[in-house]
Amino acid sequence: MSNSHEARLAALGIELPNPASPAANYVPYTISGKTLFVAGQITIWNGELRYLGRLGADLDVAKGAEAARLCGLNLIAQARQAAGGSLDGIKRVLKLGGFVNCTADFIQHPQVINGASDLMVDVFGEAGKHARFAVGAVSLPRGVAVEVDAIFELA
C-alpha cells in the first residue's frame with residue numbers, strides 16, 4: 001500500500017464524516033509547533049448521533065469498538081482539516097485518549113478503544129501506532145457510548 005495517508009484511506013474505501021463543530025466553548029483542534037491536539041470526538045456521523053448508551057448494559061464490546069472507530073473517523077476528519085485538507089500533512093499519531101460510558105463492573109475498556117486504535121494503524125500504517133489510555137466514565141456528553149481525543153504530529 002502507498003506511503004500516502006490519503007492513498008491508504010482511499011484504498012481502504014474509508015469515507016470520513018464532515019468535521020463536527022464544537023458543542024460548547026472550545027475549538028475542535030489547536031496546534032502548537034508541530035503538535036496537533038484534537039478535541040474529544042463523540043459518536044456522531046454528519047450531525048446524527050449514533051451508539052447511545054452504556055457498555056455493560058446497553059451495548060456489547062463489539063458495538064463499543066464500532067463506536068470508538070466512529071470517534072476515530074471524526075478525529076481523522078478534524079486532523080485532515082487542521083493539516084490543510086490532506087492527511088499527508090500528518091506525520092504520525094502520538095496518543096489517543098479513550099473514554100467509555102459504562103457500568104461500574106465493566107472492565108473491557110481497552111478492547112472498546114481498540115476500535116479507534118486499529119483504525120489509526122489501518123490509515124496511517126506504522127505512523128498510526130500510538131500511546132493511549134482507555135478509562136470508564138459514569139456518563140458522557142449527549143449519552144454517547146464513547147469519546148476519544150488525539151494528539152498528532154504534523155509533517
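Positions are given from 1, in the same order as the sequence printed here.
I151 contributes atom CD1, which lies 11.5 Å from atom NE2 of H130 (distance to the nearest 0.5 angstrom). Within the model, atoms CZ of R92 and CZ of F124 stand 11.5 Å from one another, a figure rounded to the nearest 0.5 Å. Expressed to the nearest 0.5 Å, how far OG1 of T43 lies from CG of L73 amounts to 11.5 Å. The CG atom of L36 sits 11.0 Å away from the CD atom of E153 when rounded to the nearest 0.5 Å. To the nearest 0.5 angstrom, L94 atom CG is 11.5 Å from M120 atom CE. Distance check, rounded to the nearest 0.5 Å: CG of N18 to CG of N46 gives 4.5 Å.
Hydrophobic clustering (side-chain heavy atoms under 4.5 Å, transitive across Ile, Leu, Val, Met, Phe, Trp, Tyr) groups I76 together with I90. When hydrophobic clusters are built by joining Ile, Leu, Val, Met, Phe, Trp and Tyr residues whose side-chain heavy atoms come closer than 4.5 Å, directly or via intermediates, L140 is not grouped with I113. The hydrophobic cluster containing V144 also contains V135, counting ILVMFWY residues as joined when their side-chain heavy atoms lie under 4.5 angstrom apart, directly or transitively. Both L119 and V112 sit in one connected hydrophobic cluster of ILVMFWY residues. Membership requires side-chain heavy atoms under 4.5 Å apart, directly or through other members. Hydrophobic clustering, with ILVMFWY side chains joined whenever heavy atoms are under 4.5 angstrom apart, groups F99 together with L52.
When side chains are defined from C-beta on, V123 counts as touching I14, because their heavy atoms get closer than 4.5 Å. With a 4.5 Å cut-off on side-chain heavy atoms, L96 and L75 count as touching. When side chains are defined from C-beta on, L87 counts as touching L9, because their heavy atoms get closer than 4.5 Å. Looking only at side-chain heavy atoms (C-beta outward), Y51 and V146 stay at 4.5 Å or farther from each other. Contact annotation: the side chain of K95 never approaches that of D149 to less than 4.5 Å [non-hydrogen atoms, C-beta and beyond]. Within the 4.5 Å cutoff, the side chain of E48 has no heavy atoms near those of the I44 side chain. Side-chain contact between F106 and V100: present, with at least one pair of heavy atoms (C-beta onward) separated by less than 4.5 Å. Within the 4.5 Å cutoff, no side-chain heavy atoms of V38 are placed close to those of P28.
A 6.0 Å sphere centred on CZ of R142 holds no more than 12 heavy atoms belonging to other residues, nucleotides or ligands. With a 6.0 Å radius and a threshold of 12 heavy atoms from other residues, nucleotides or ligands, I31 has its CD1 atom above the threshold.
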Test side chain to side chain contact (heavy atoms under 4.5 Å, CB included) on Q41 and V148; report intermediate values, then the result.
CA-CA 5 Å; Q41 299 296 301; V148 183; 5.9 Å; no
Just do the side chain to side chain contact (heavy atoms under 4.5 Å, CB included) check on K91 and K34 with the steps written out, would you?
CA-CA 9 Å; K91 183 173 182 181; K34 292 207 175 268; over 6 Å; no
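The backbone N or O of G143 lies less than 3.5 Å from no partner atom in the side chain of R54, so there is not a single donor-acceptor pair. Formation of a donor-acceptor pair under 3.5 Å by the D60 side chain with backbone atoms of G56 is not found in this model. Panel note: side chain K129, backbone V121; no donor-acceptor pair is recorded below 3.5 Å. Judged purely by atom type and a 3.5 angstrom limit, R8 uses its side chain to pair as donor or acceptor with the backbone of D122. No donor-acceptor pair under 3.5 Å is formed between the side chain of E15 and the backbone N or O of G13.
Scanning all heavy atoms of the two residues, the minimum distance from P19 to A77 falls at CG-O, 3.7 Å. When all heavy atoms are compared, the tightest approach of H109 to C102 is NE2-SG, 3.5 Å. In this structure, P110 and R132 approach most closely via the heavy-atom pair O-NH2, 3.2 Å. Of all heavy-atom pairs between Q78 and A20, the closest is NE2-O, 2.8 Å. Minimum heavy-atom separation, V61 to Q108: CG2-OE1, 3.1 Å. Taking all atoms of both residues into account, the shortest heavy-atom contact from A68 to A116 is O-CB, 3.4 Å.
Checking S86 against R80 by side-chain atom types alone, no donor-acceptor pair falls below 3.5 Å. Judged purely by distance below 3.5 Å, without hydrogens or angles, the side chains of R69 and N114 never pair a donor atom with an acceptor atom.
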